[in-house]
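Below you'll find the structure, written out as structure tokens, and then a few comments.
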Amino acid sequence: MPWLRRMPVSENQNFQGETNMTEPVRVRYAPSPTGLPHVGNIRTAFFNWLFARHNNGTFIVRIEDTDVARTVPGALEGILEGLEWLGIDWDEGPRAGGDFGPYFQSQRLDIYNKMAKELVERGFAYYCHCSSERLEKMRAEQTANKKPPGYDRCCRDLGLGGAPGAVIRYKTPLEAKTTFHDLIRGDVTFENATLDDFVLMKSDGYPTYHLANVIDDHLMKISHVLRAEEWLSSTPRHLMLYNAFGFKPPIFAHLPIILGSDRSKLSKRHGAVSILEYKEQGYLPEAMMNFLALLGWSFDDKTETFSKEELIKHFSIERISQTSAIFNKEKLDWMDGTYIRKLSPHEFAERAMPFLEKGLPPEVKRPLDISYVKKVLPLVHERAKTLGELASKELTWFFFIDKLDYPAELLIDKKLDRKATAAMLDVALVRLDELSAFDADTLESVLRPLSDEIGVKAGQLFGTVRTAITGLTATPPLFQTMEVLGQNTCMKRIKEAITKLKENAG
RNA sequence: GCCCCCAUCGUCUAGUGGCCUAGGACAGCGGCCUUUCAAGCCGUCAACAGGGAUUCGAAUUCCCUUGGGGGCACCA
């Protein structure tokens, strides 16, 4: 009975990940509320969720709030908001409850305390009275002498008792190896001698991640631990703890890390790293989900588009890549564009509205005129990569603002001069004034022949009118744009353009 | 410095000894369409890090080198 073992093990430990499918799949996402929900973290949560859903298992959110100093107010809410935005729901955890709670580690302190003490009593751990100053100095010397930094085991055999300021350390076996089977990386072996006596309980009475995560994963009956690769090197420590406690370890799978464009771990300087930033920028959650799924996982040699249901259906750990992946924002943009284009006009309007309300200049009257917006939106639907950029100068401002701001030169075609341009607009103005209908077809039937009449190419005339009407050279189709803008606005803007040309003529 | 992981187009990847003169996608480039911009369609550029070994045969197996990443806290 391993539970009764009194001395640290010294024989080689082998932990083969038995895929015992008779046990229910229970996986967890265990964020620490120390900052915004990083896309890398969320991707880990997402893969856990996919694995749970694929196997009809349970997805648990557990909050690892054991670092009092680093806890950030609002971080927890942000993390949950990020999950909810993507449509990742959890069966147990904050707000959801469950039979294995509490799901906040800060509320489980007595458990960790009791179990850590038990480890001390049974000879697997010991109290350490070393001050942080001493440890810092020790580390500095080790680094200076190019030695691997690590606790020098000063208190290991002193048989010290608990005291204020003391910590509990694990008595790492000095010999032998720890081997385990990782579902993504195969067998991984560490020499125990390369591991130091790590801290289990901090002096403030909180457990370290190593202790708390092992105890909770066991108590919460976690079957598989899918976590980022940065945890790979602390897995042997966890295994030693499972062994010391006599717990059966879960099956491990260490996910590839997401990198920034310079191949280092994705961080702030690479741009947006919080999933909520993407929400605010108007990316579609379903596109984000699809994109994230393909960062480190693939289905076959050609499928790029997956609905949530398809992802759940096809997801498997075997198809997770072993290689870290660079976050390719260009591809995200493309994918988001494809999802936007698939939206029905109604749904597009529905989802775009909040972004227009937020992003259009303040002088535009709120609330926006919905029926007008619904006329504008189809013209920009296939041009937007995100909902957020819908409310940009380039895409929609000119539909809503009163006064256009652009240089007169923009009106003038390369092969024409200022005078000819003004003359062209003069004629156009007259023709448009005569119109009783102002729809795209009518407009084309009037303006297209006009170019012949004036002796310019259609594109030259249209280009100048386009700029006069929108202040831009790249816009949705001219006649449809004019139809939406209406006769009055178009006439007014052409007049303003003519004035602009004549004013600066000298 | 020590430990661990990884290595196919610029990027995400397919590829589990012969189907590979290496496939797809994004980006790039060229073209078509066209009133501009998009979208769409067609085409094109572009990779098995290097060296050994195993084998009739290696992107696929093994070893070494190199390169990249991660870890080495009273942080998670």
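So you know, we letter chains A, B, ... as the sequences are listed, proteins then strands, and number each from 1.
- Annotation: B:A22 and B:C41 have their C1' atoms spaced 26 Å apart (nearest Å).
- With a 3.5 Å ceiling on both atom-pair distances, the Watson-Crick or G-U wobble partner of B:G18 is B:C56.
- The stretch residues 471-481 of chain A participates, sequence neighbours left out, in these side-chain hydrogen bond (donor to acceptor under 3.5 Å, both in side chains) pairs: A:Arg466-A:Thr475.
- Look at CG on A:Asp333: it is 12 Å from P on B:A39, rounded to the nearest Å.
- Checking B:G28 for Watson-Crick or G-U wobble geometry (two distances, each under 3.5 Å) identifies B:U44 as its partner.
- Atom CD in A:Gln322 sits roughly 14 Å away from atom C1' in B:U8 (whole-Å rounding).
- Under the ring pair (Phe, Tyr, Trp, His ring centres under 6.0 Å) criterion, A:His210 pairs with A:Phe198, A:His238, sequence neighbours left out.
- For A:His314, the side-chain contact (heavy atoms from CB on, under 4.5 Å) partners two or more places apart in sequence, or in a different chain, are A:Trp297, A:Phe299, A:Phe306, A:Glu310.
- Heavy-atom distances under 4.0 Å link RNA chain B to A:Phe462, A:Arg466 of residues 457-468 of chain A, given in residue order.
- Legend: residues meeting ring pair (Phe, Tyr, Trp, His ring centres under 6.0 Å) with A:Tyr29, ordered by chain and number and at least two apart, are absent.
- With P as the reference atom, B:A73 and B:G17 are 42 Å apart, rounded to whole Å.
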Spell out protein contact along nucleotides 14-27 of chain B as letters: B when the base is contacted, S when just the sugar-phosphate is, - when no protein heavy atom is under 4.0 Å; keep the 5' to 3' order.
SS-------BBBS-
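- With C1' as the reference atom, B:C45 and B:C29 are 7 Å apart, rounded to whole Å.
- The six-membered or imidazole ring of A:Phe291 lies away from that of A:Tyr339, with a centre-to-centre distance of 6.0 Å or more.
- Taking the P atoms as reference points, B:A46 lies 14 Å from B:C9, given to the whole Å.
- Partners of A:Glu444 according to the side-chain contact (heavy atoms from CB on, under 4.5 Å) rule, which considers only residues two or more places apart in sequence or in another chain, are A:Arg448, A:Phe479.
- Judged by the 6.0 Å and 45° rule, A:Arg153 forms no cation-pi pair with A:Tyr151.
- Nucleic acid contact class of A:Phe327 (heavy atoms, under 4.0 Å, all strands): none.
- In the set B:U13, B:A39, B:U36, the nucleotide with an atom closest to the side chain of A:Arg341 is B:A39.
- As rounded to whole Å, 15 Å separates atom C1' of B:U13 from atom CD1 of A:Ile258.
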Given protein heavy atoms under 4.0 Å, the one-letter contact record of nucleotides 69-76 of chain B, with B base, S sugar-phosphate only and - none, is simply BSSBSBBB
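- Atom CZ of A:Arg185 is separated from atom P of B:C5 by 9 Å (rounded to the nearest Å).
- With sequence neighbours left out, the side chain to side chain donor-acceptor pair (under 3.5 Å) criterion links A:Glu330 to A:Asn328.
- For B:U34, there is no paired base (Watson-Crick or G-U wobble, both distances below 3.5 Å).
- When ring centroids are compared, A:Trp231 and A:Tyr209 come within the 6.0 Å threshold.
- Atoms CD (A:Glu389) and P (B:C37) sit 17 Å apart, rounded to a whole Å.
- The interatomic distance linking A:Phe398 (CZ) with B:C37 (C1') rounds to 10 Å, in whole Å.
- In this structure, the side-chain contact (heavy atoms from CB on, under 4.5 Å) partners of A:Pro407, at least two apart in sequence or on a different chain, are A:Glu409, A:Leu410.
- Residues forming a ring pair (Phe, Tyr, Trp, His ring centres under 6.0 Å) with A:Trp397 (at least two apart in sequence, or on another chain): none.
- Within the 3.5 Å criterion, the main-chain N or O of A:Ile215 finds no donor-acceptor partner in the side chain of A:His218.
- Residues meeting the side-chain contact (heavy atoms from CB on, under 4.5 Å) test with A:Asp413, sequence neighbours left out: A:Lys415, A:Leu416, A:Gln460.
- For the residue pair A:Glu175 and A:Asn192, no side-chain donor N or O sits within less than 3.5 Å of a side-chain acceptor on the partner.
- Nearest nucleotide to the A:Ala474 side chain, out of B:C5, B:U35, B:U36: B:U36.
- Comparing B:G24 with B:U61, their C1' atoms are spaced 27 Å from each other, to the whole Å.
- A:Ile326 comes within 4.0 angstrom of the backbone, heavy atoms only, and of no base.
- Base pairing of B:A7 is made with B:U66, judged by Watson-Crick or G-U wobble geometry with both donor-acceptor distances under 3.5 Å.
- The P atoms of B:U44 and B:U60 are separated by 28 Å, rounded to the nearest whole Å.
- Residue A:Pro256 is classed as having no contact, given no heavy-atom separation below 4.0 Å to the nucleic acid.
- Following rounding to the nearest Å, A:Leu447 (CG) and B:U35 (P) show an atom-to-atom distance of 13 Å.
- Across the P atoms, B:G23 and B:C3 are found 40 Å apart, a figure rounded to whole Å.
- The C1' atoms of B:C75 and B:U13 are separated by 34 Å, rounded to the nearest whole Å.
- A:Ser261 comes within 4.0 angstrom of no nucleic acid atom, judged by non-hydrogen atoms across all strands.
- Separating the NZ atom of A:Lys147 from the P atom of B:C3 is a distance of 12 Å, rounded to the nearest angstrom.
- For B:U35, the OP1/OP2 oxygens have a side-chain nitrogen or oxygen of A:Arg448 closer than 4.0 Å.
- Across all strands, A:Thr473 comes closer than 4.0 Å to base atoms (heavy-atom distances).
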